[in-house]
Amino acid sequence: MTNTKTKNPQTLGEFIIEKQADFQYSSGELSRLLSSIKLAAKVVNQQVNKAGLVDIVGAMGNHNIQGEEQQKLDVFANETFIAALNNREVVCGIASEENEDYIKVHAKDNVNLSKYVVLIDPLDGSSNIDVNVNVGTIFSIYRRTSLEGSVQAEDFLQPGKNQVAAGYIVYGSSTMLVYTTGNGVNGFTLDPSLGTFYLSHPNIQIPKNGKIYSINEGNYIKFPQGIKKYIKYCQEENEDRPYTSRYIGSLVADFHRNLLKGGIYIYPSYSNAPKGKLRLLYECNPIALLTEQAGGKASNGFHRILDITPSELHERTPFICGSKEMVEKVEYFIKNAK
Ligand SMILES: O=P(O)(O)OC[C@H]1O[C@](O)(COP(=O)(O)O)[C@@H](O)[C@@H]1O
Ligand SMILES: [Mg+2]
Ligand SMILES: [Mg+2]
């Protein structure tokens, strides 16, 4: 491992334990939860890396609650993360893009005293699975609203600003886990030869402004006026424009690039999807927390994503996130659109 940036970068495991000290009354429960996510990420990574060789590509032949055709890797990733969290009894409830309702985690002695719930998008960028393009996993963690009785829907339907931790794994040319517990954003790269995540991107800060915009322009004619105006603004010959259009079609991969280089990701509402496509609880809230923790901004065009109080597990929202000045420009165009 002689070619790493620093001689002995910290491992993710060491970092999790070290950061535990930031929380005065910590019981180590959150650390064990994050370690379960780390374990499941490695298992999924192994399958993603050999996707063409194992029976993990293609559709399952059924549809999930979103009405989307479930891919085999969606199901494998979902089962892997749920098993890792279940087996260690580090959560009392799990909600997933692939499950209609939340799952109650029953402890062996039937008394699940865990105070955390997790929401996951087990495989993000499903349309890219079979074509060897970056995909990811997104997770969001909350403390229960009350420890009375067993887990309730309210424990999941909390505004994003209540998250105690959030992050994603991007399975790409290298596999990275990027997360926050509310004290900045840190990125860890997996050394596949050792199966260990090492701190490779400490304290990530997104540039205040950028030159990359990520939006599916194939829907252009269906976009609201403000969004159309912003796309034209990005394409104008002026000052530091035109910007560069980059759209991978995996939220995690598009966001990861923009986080490191500066840029904006937009999935707006459009004529046949008035609430947009992305899911508030396990896609937009965790990415919004990471964005703000890295110095960026995330909104639905009018409101801060993290202030939205959800009413349904799988509710969708228009989503704009990235470099602060770019998001403010889009909001300006949306609010002033005629
Ligand atoms: O193909 P479209 O409509 O541009 O949508 C792409 C977006 O949908 C998603 O694939 C939705 O996520 P899932 O793959 O988890 O369903 C995002 O990752 C991506 O940004
Ligand atoms: Mg997704
Ligand atoms: Mg998904």
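Values below: all heavy atoms of this structure, side chains included; hydrogens, waters and symmetry mates excluded. Remember, it's 1-based here, ligands and their atoms both numbered in the order they're listed.
At a heavy-atom cutoff of 4.0 Å, ligand 1 is contacted by no atom of Q66, backbone or side chain. Counting heavy atoms closer than 4.0 Å to ligand 1, residue D254 contributes nothing at all. Here S126 has heavy atoms under 4.0 Å from ligand 1 in both its backbone and its side chain. Of the heavy atoms in D124, both backbone and side-chain atoms come closer than 4.0 Å to ligand 1. Of all the heavy atoms of Y282, none lies under 4.0 Å from any atom of ligand 1, so neither backbone nor side chain is involved. Only the side chain of D121 comes within contact range of ligand 1, with a heavy atom under 4.0 Å; no backbone atom does. Looking at R279 against ligand 1, only its side chain comes within 4.0 Å, counting heavy atoms.
Distances from ligand 1 to the non-hydrogen atoms of L123 include at least one value under 4.0 Å.
Note on V185: it does not cluster hydrophobically with L34, by side-chain heavy-atom contacts below 4.5 Å among ILVMFWY residues.
Between the side chains of S214 and N258, at least one donor N or O lies within less than 3.5 Å of an accepting N or O. Side-chain atoms of E154 and T145 include no donor-acceptor pair closer than 3.5 Å.
Near E283, meaning under 4.0 Å from any of its heavy atoms, are these atoms of ligand 1: 11 (C), 12 (O), 13 (P), 15 (O). Of all atoms in ligand 1, numbered sequentially from 1 with element shown, those under 4.0 Å from a heavy atom of E68 are 16 (O). Near S250, meaning under 4.0 Å from one of its heavy atoms, ligand 1 places the atoms 18 (O), 20 (O). Taking a cut-off of under 4.0 Å to the non-hydrogen atoms of N216, the atoms of ligand 1 that pass are 2 (P), 3 (O), 4 (O).
N285 has its side chain within reach of L306: a pair of non-hydrogen atoms, C-beta onward, lies under 4.5 Å apart.
For atom 20 (O) of ligand 1, the nearest non-hydrogen atom from the set Y270, Y267, Y265, F319 belongs to Y265.
Note: an N/O pair closer than 3.5 Å links L251 and ligand 1 by distance alone. Distances between N or O atoms of G125 and those of ligand 1 include at least one value under 3.5 Å. Geometrically, ligand 1 and K277 share a nitrogen or oxygen pair separated by less than 3.5 Å.
Annotation: ring-ring contact (aromatic ring centres under 6.0 Å, His included) contacts of F15 (sequence neighbours excluded): F188. Legend: residues meeting ring-ring contact (aromatic ring centres under 6.0 Å, His included) with F139, ordered by chain and number and at least two apart, are absent.
Not a single donor-acceptor pair under 3.5 Å links the side chain of T189 to the backbone N or O of S200. When atom types are taken as modelled, the side chain of N64 and the backbone of G67 share a donor-acceptor pair closer than 3.5 angstrom. Listed for the N336 side chain is a donor-acceptor partner under 3.5 Å among the backbone atoms of Y332.
The pair K211-D240 does not count as a salt bridge, with every side-chain nitrogen at least 4.0 angstrom from each carboxylate oxygen. By the 4.0 Å N-to-carboxylate-O rule, K232 lies too far from E236 to be salt-bridged with it. Under a 4.0 Å N-O distance rule, the pair K208/E325 does not qualify as a salt bridge.
In terms of protein heavy atoms, atom 19 (C) of ligand 1 is closest to G249 O, 3.3 Å. Counting protein heavy atoms only, atom 4 (O) of ligand 1 is closest to Y247 OH, 2.6 Å.
Within the structure, every pair that satisfies the salt bridge (charged side-chain N to carboxylate O under 4.0 Å, His left out) test and touches residues 270-284, not counting sequence neighbours, is listed here: E68-R279, E97-R279, R279-E283.
Under the 30°/60° scheme for interplanar angles, the aromatic rings of Y270 and Y267 are found to be tilted.
Only protein N, O or S atoms were scored, and 3 of them lie under 2.8 Å from the Mg ion (ligand 3).
Ring centroids of F156 and Y102 are separated by less than 6.0 Å, placing the two rings close together.
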